[in-house]
Protein chains: 2
Amino acid sequence: MLSQTSRYALHALIVIARSGGQANVRQIAAEATIPTNYLGKILHVLGRRGLLRSSRGAGGGFQLARRPEEIQLLEVIESFEDPQYFARCLLGSERCPEGRPCVAHGLWVPIVEQTRRFFETTTLADLLAEGQSLAALAGPAHLPERT
Amino acid sequence: MLSQTSRYALHALIVIARSGGQANVRQIAAEATIPTNYLGKILHVLGRRGLLRSSRGAGGGFQLARRPEEIQLLEVIESFEDPQYFARCLLGSERCPEGRPCVAHGLWVPIVEQTRRFFETTTLADLLAEGQSLAALAGPAHLPERT
DNA sequence: TCCTATTATCATGAGGATATGATTTTTGCA
DNA sequence: TGCAAAAATCATATCCTCATGATAATAGGA
């Protein structure tokens, strides 16, 4: 449904946010179980997109460039998915031409539009909040990475 | 969102249904603009899944094995997508372990579940019906393949 | 000033999805 | 009976995603 790369990116942002908004590639890779070199490139892209700031050298790493409430999930996945991701119809690899919808168009558009809206209205802060309530429910044993 | 292969399969079934429930690979490939050899393999898979029947030799081809109302889109795409397609969560490549949901689980599951339900409740007949109402609205000029 | 930590960049490769082309098997029909 | 049509199968190629490894550039701190 979402590429591995997008999932890595989301996970990495959560880890950074939980680490107080700053962390380096090795820490994030270890915490989220992501190949280190590959993660480096992903974070670099998020930097170019303006979601992260990076600093080199000792003590460096990546920082959130905005507050979690201001980071839409849509911005993250648009950094890695095909631009046509939400435009494709059920039967084609491109957007249905204007005025000439495919036979699945009317049935499919509401589904994909709802998905797009989810990514647009959900922010990194929402994921963090969900994690908090999970931790409250499950207790520390089930969430060792938050101890 | 869906693989090219799944989209080809759906399109091919529509073409077969519109051709009176029977057509051969070359006809379908031409009508739906699908590479002929590749389509052959796709139809073969649909045959093994019990959605099509095939007959070789002159006058042969592929037939719907059931009425369009009895062909769920879910069956079609499950023939080609990863079995984990609807099980993956937002952050992982596998289903969240029982009792230990990821931080996105509660937010994401309703979205993916609605998508799955769409494919489960929508049948080939629904796509055909949608095509009919489009044709009525748009007139023959915009739907030359149905003349 | 030099060492080391860290990101940035480059080169390479494995594997799957998407094809393409040729050959084999089956079957209807003249 | 043999030809032609059609699916079935086999071999190969291409491109993209995901990943690995090595090197270069940068910057903090002893």
Side-chain angles (χ1 to χ4, degrees), chain A residues 1-12 16 19 22-49 51-65 77 79-85 88 91-94, chain B residues 1-12 16 19 22-49 51-65 77 79-85 88 91-94:
Chain A
M1 207 95 172
L2 221 54
S3 69
Q4 180 70 279
T5 305
S6 289
R7 295 196 299 262
Y8 284 163
L10 290 172
H11 203 160
I16 296 171
S19 307
Q22 151 97 30
N24 71 42
V25 175
R26 274 188 308 108
Q27 293 167 344
I28 302 164
E31 176 77 15
T33 323
I34 301 172
T36 309
N37 280 333
Y38 195 55
L39 177 60
K41 276 185 247 180
I42 293 172
L43 298 180
H44 181 63
V45 171
L46 292 175
R48 280 198 276 106
R49 281 274 176 155
L51 297 175
L52 292 177
R53 270 176 286 137
S54 69
S55 55
R56 294 179 171 191
F62 288 89
Q63 285 186 301
L64 295 184
I77 72 177
S79 305
F80 303 101
E81 301 298 327
D82 184 323
Q84 295 290 304
Y85 189 71
R88 270 199 288 266
L91 297 181
S93 55
E94 298 172 6
Chain B
M1 207 96 172
L2 220 55
S3 70
Q4 180 70 278
T5 306
S6 290
R7 295 196 299 263
Y8 284 163
L10 290 172
H11 203 160
I16 296 171
S19 307
Q22 152 98 30
N24 70 43
V25 176
R26 275 189 308 109
Q27 293 167 344
I28 301 164
E31 176 78 14
T33 323
I34 300 172
T36 309
N37 280 333
Y38 194 56
L39 177 59
K41 274 186 248 179
I42 293 171
L43 298 180
H44 181 63
V45 170
L46 292 176
R48 278 198 276 109
R49 281 273 174 156
L51 298 174
L52 292 176
R53 270 175 287 139
S54 68
S55 55
R56 295 178 169 192
F62 288 89
Q63 286 185 302
L64 296 183
I77 74 177
S79 304
F80 303 101
E81 301 299 327
D82 184 323
Q84 294 291 304
Y85 189 72
R88 270 199 288 265
L91 297 181
S93 55
E94 297 172 5

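Every chain is numbered from 1, with letters handed out A, B, ... down the list of sequences.
Minimum heavy-atom separation, B/Glu94 to B/Gln84: CA-OE1, 4.2 Å. Nearest approach of B/Arg88 to A/Met1, heavy atoms of both residues: NH2-N, 3.6 Å. In this structure, A/Ile42 and A/Ala9 approach most closely via the heavy-atom pair CG2-CB, 3.8 Å. Of all heavy-atom pairs spanning B/Gly59 and B/Gln22, the tightest one is O-NE2, 3.9 Å. The shortest non-hydrogen separation linking A/Phe62 to A/Leu52 is CD2-CD1, 4.0 Å. When all heavy atoms of B/Ala29 and B/Thr36 are compared, the closest pair comes out as CB-OG1, 3.6 Å.
Remark: B/Gln4 is in phosphate contact with C/dA19, judged by side-chain N or O atoms under 4.0 Å from OP1 or OP2. In terms of phosphate contacts, A/Thr5 brings a side-chain nitrogen or oxygen within less than 4.0 Å of OP1 or OP2 of D/dC18. Put simply, B/Ser55 has no side-chain N or O that comes within less than 4.0 Å of OP1 or OP2 on C/dT27. OP1 or OP2 of C/dT6 sits under 4.0 Å from a side-chain N or O of A/Arg26. For C/dA17, neither phosphate oxygen OP1 nor OP2 lies less than 4.0 angstrom from any side-chain nitrogen or oxygen of B/Tyr38. Under 4.0 angstrom from either OP1 or OP2 of C/dT20 there lies no side-chain N or O belonging to B/Thr36. Dashed line: the shortest gap from a side-chain N or O of B/His44 to OP1 or OP2 of D/dA7 is not under 4.0 Å.
The CG atom of B/Leu39 sits 18 Å away from the P atom of C/dA17 (whole-angstrom rounding). Following rounding to the nearest Å, B/Tyr8 (OH) and C/dA17 (C1') show an atom-to-atom distance of 11 Å. Rounded to an integer number of Å, the gap from CG of B/Leu2 to P of C/dT18 is 10 Å. Atom-to-atom, CG of A/Leu52 to P of C/dT7 comes out at 11 Å; the value is rounded to the nearest Å. Taking atom OH of A/Tyr85 as the reference point, atom C1' of D/dC16 lies 16 Å away to the nearest angstrom. For A/Arg53 and C/dA8, the CZ to P distance is 13 Å, given to the nearest whole Å. Taking atom CG on A/Leu43 and atom P on C/dA8, their separation rounds to 9 Å, with Å as the unit. Put simply, CG on B/Asn24 is 14 Å from C1' on C/dT27, counting in whole angstrom units.
In the set D/dC18, C/dA8, C/dT20, C/dA8 carries the atom at the smallest distance from any side-chain atom of A/Phe62. Checking D/dA27, C/dA5, D/dA7 against the side-chain heavy atoms of A/Ala58 singles out C/dA5 as nearest. Of the candidates C/dA8, D/dA7, C/dT20, C/dA8 carries the atom nearest the A/Ser54 side chain, counting heavy atoms from C-beta on.
Both A/Gly59 and A/Arg48 lie near DNA chain C, and the one whose nearest nucleotide falls closer to the 5' end is A/Gly59. Where B/Gly40 and A/Ser6 each meet DNA chain D at their nearest nucleotide, the meeting point lying more 5' is that of B/Gly40.
No engagement by A/Phe80 is indicated, since no non-hydrogen atom pair under 4.0 Å with the nucleic acid exists. Residue-level contact check: A/Asn37 touches the bases, meaning some heavy atom is under 4.0 Å from a base atom. Within the 4.0 angstrom heavy-atom criterion, no nucleotide atom of any strand lies near A/Gly47.
On a pure distance criterion of 3.5 Å, no polar donor-acceptor pair joins the side chain of B/Lys41 and the base of C/dT18.
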